[in-house]
J.: 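Would you mind keeping the following structure in view while I ask a few things?
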Amino acid sequence: MHFKKIAAIGLAVIAPFSLSGCLLLPGEFNSEMTVMADGEFAFSYKGQIQLVGLANLLNDTLDAEGGNTEFTASCYGPEPEPEKQKKEKRKQKAEAKATADAAAADAAIAAIAAETAGTAASKASQEEITQEVEAEVDAAAASEDAAGAAEEAATEAVAAVEAIEDDYSERDCTPAEVEQQKKDWDEQQANSKKEKEQAKKMFAAMLGGIDPSNPKTIDRFTKEVERLAAWNKVEHLGNGLFMIDYSTKGRLADDFAFPVIPRYALGNPMIHVTRWDNGRVRIEAPTFHNDADVSLMSLMGAGSMIPGMSSAKKNIEPVEVKGTFTIRTNAKIMANNTDEGPTDEGAMQVLRWDIGPKTFGPPMALLKLAH
């Protein structure tokens, strides 16, 4: 395994979140927002936030990509022979070939001598008979050569098949082979460990320096968030899942976003309120739904197409995004995407979204404040 491969896996996993800008997701929650026509507002969020489930997923993927943790030697083909035995076999083959070649040469010389003597004694009287005999001999020799060539080809084919079988048949390893394979395996494991550590640091940087395998980074993050004004409760439930109680109020002179945590690059906020001109205010909650572009559950399913992800994902149980989001206002509602539209509660109009598997698109409302 190489660092480039690890990085490619990480980018494949994080790509959907990069496109949507969401590295911070809700779990089970209840959130409310009140916006008055004069610009006064109040906002609360009580429930779960999933912060590093993605980092855990990446780390588990790296562990799954680590390969075998125990060394096993494997050897195939013919067992290697000492060099002395190899030289002796080559010498024996050469001597056998030389003897066979010499015998064939002697036989050829004798045949030529006999043929010459016979021809000289009866050349005049037996010319026609000799021609017929020679023709028969040539035909017999051609037939013998063809048979020999066929036999040689068959022998070579059998030898080739036996060689292939020898190349792919498993056998016991020699001590020297075991030693070399163990050395190579140790080097590969050391390189793999180093590369995974580098990759984990890279992924932690993507999540603002939070390493889910290091409790110290989780504790530091929790303490830094707890001391922020509006964060009434921050409790880590494990695996990057937090239970929080957040509430704030003020005036919408400019934009408002939740959550915004200094020194941590955690992607786009879960709630964003944009103040436009002419008193218009657009409220959006891009993560308050279960669409594929922000859903960890969907990512887990898509992860099966990534090498190593199928074995890693079973260790991760992300929380489904589920809850309610309510907007109360006495301002003019210019647009919204609720299923039922606004309802009246005294002097206020109420927009409500029930977030679950059937939620179509993230909540959105456009209000017009009074001048």
Side-chain angles (χ1 to χ4, degrees), residues 16-17 19-50 230-231 244-261 266-298 319-371:
F17 289 83
L19 292 174
S20 63
C22 299
L23 296 177
L24 208 160
L25 298 174
E28 296 184 7
F29 71 97
N30 180 40
S31 181
E32 297 185 1
M33 188 168 196
T34 300
V35 179
M36 305 303 294
D38 62 359
E40 295 290 332
F41 84 100
F43 173 79
S44 67
Y45 182 99
K46 294 179 173 61
Q48 299 169 333
I49 285 182
Q50 302 176 76
W231 295 78
I244 72 165
D245 181 348
Y246 176 95
S247 61
T248 189
K249 59 183 179 179
R251 175 174 289 275
L252 290 174
D254 296 303
D255 294 353
F256 168 77
F258 168 81
V260 175
I261 304 174
L266 299 174
N268 291 339
M270 298 192 304
I271 292 283
H272 196 276
V273 182
T274 307
R275 181 71 185 265
W276 290 355
D277 57 4
N278 298 325
R280 293 176 297 172
V281 172
R282 183 179 177 89
I283 304 172
E284 297 176 285
T287 65
F288 284 10
H289 69 135
N290 285 284
D291 286 2
D293 59 344
V294 296
S295 173
L296 269 174
M297 296 296 288
S298 298
V319 177
E320 183 181 10
V321 178
K322 181 179 180 181
T324 61
F325 179 48
T326 304
I327 296 177
R328 293 181 172 83
T329 185
N330 62 354
K332 181 180 179 180
I333 300 176
M334 301 181 68
N336 74 92
N337 65 347
T338 59
D339 292 335
E340 304 296 334
T343 59
D344 295 330
E345 285 187 7
M348 306 290 283
Q349 289 185 297
V350 179
L351 298 172
R352 179 186 175 91
W353 291 264
D354 291 318
I355 313 301
K358 296 183 180 180
T359 304
F360 180 75
M364 182 281 298
L366 181 64
L367 310 180
K368 176 70 181 297
L369 305 182
H371 290 290

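Worth knowing before you read on, the calculation uses all heavy atoms, side chains too, and leaves out hydrogens, waters and symmetry mates.
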J.: Please name the pair of heavy atoms, one in F325 and one in P363, separated by the smallest distance, quoted to 0.1 Å.
T.: CD2-CB, 3.8 Å
J.: Over 60° means perpendicular and under 30° means parallel, so classify the ring planes of Y45 and F29, tilted if in between.
T.: parallel
J.: Could you give all pairs that pass the salt bridge (Lys or Arg N to Asp or Glu O under 4.0 Å) test and reach residues 25-43, with sequence neighbours left out?
T.: E32-R328, E40-R251
J.: If every non-hydrogen atom of L369 is compared with every non-hydrogen atom of A331, which pair is closest and at what distance?
T.: CD2-CB, 4.0 Å
J.: Assess whether side chain to side chain donor-acceptor pair (under 3.5 Å) is satisfied between T324 and N30, documenting all intermediate values.
T.: CA-CA 5 Å; T324 61; N30 180 40; 2.4 Å; yes
J.: P286 and P269: which non-hydrogen atoms are nearest, and at how many Å?
T.: CG-O, 3.6 Å
J.: How would you list, by chain and number, every residue that makes a salt bridge (Lys or Arg N to Asp or Glu O under 4.0 Å) with K322, sequence neighbours excluded?
T.: none
J.: Identify, with sequence neighbours excluded, every residue that meets side-chain hydrogen bond (donor to acceptor under 3.5 Å, both in side chains) alongside T343.
T.: none
J.: Which residues pass the side-chain hydrogen bond (donor to acceptor under 3.5 Å, both in side chains) test with R275, not counting sequence neighbours?
T.: none
J.: Taking only residues two or more places apart in sequence, or in another chain, which ones meet F41 in a ring-ring contact (aromatic ring centres under 6.0 Å, His included)?
T.: F256
J.: Please report the interatomic distance CG(D344) to CD(Q349), rounded to the nearest 0.5 Å.
T.: 5.5 Å
J.: If you look at every heavy atom in S31 and S44, which pair is closest and at what distance?
T.: OG-O, 2.9 Å
J.: Mind checking the CD1-NE2 spacing from I355 to H289? Nearest 0.5 Å is all I need.
T.: 9.0 Å
J.: Within this structure, what is the CE-OG1 distance for the pair M348 and T329, rounded to the nearest 0.5 Å?
T.: 5.5 Å
J.: If we only count heavy atoms from C-beta on, is the W231 to I261 side-chain gap below 4.5 Å?
T.: yes
J.: Taking all heavy atoms of M270 and all of L25, pick out the closest pair and write down the distance.
T.: SD-C, 3.7 Å
J.: Can T287 and V321 be said to form a side chain to side chain contact (heavy atoms under 4.5 Å, CB included), step by step?
T.: CA-CA 8 Å; T287 65; V321 178; over 6 Å; no
J.: L366 and R280: which non-hydrogen atoms are nearest, and at how many Å?
T.: CD1-CB, 4.3 Å
J.: Can you list, pair by pair, the side-chain donor-acceptor contacts under 3.5 Å of residues 334-342, counting residues two or more places apart and other chains?
T.:
residue	atom	partner	partner atom	Å
N336	OD1	T338	N	3.1
N336	OD1	T338	OG1	2.6
N337	OD1	W353	NE1	3.0
N337	OD1	M364	N	3.0
N337	ND2	P362	O	2.7
T338	OG1	G341	N	2.9

J.: Quick check for you: to the nearest 0.5 Å, what is the distance between L367 atom CG and L252 atom CG?
T.: 9.5 Å
J.: How many angstroms lie between CD1 in I327 and CE in M33, if you round to the nearest 0.5 Å?
T.: 7.0 Å
J.: Ignoring hydrogens and geometry, is there a side-chain-to-backbone donor-acceptor pair from Q50 to P26 under 3.5 Å?
T.: yes
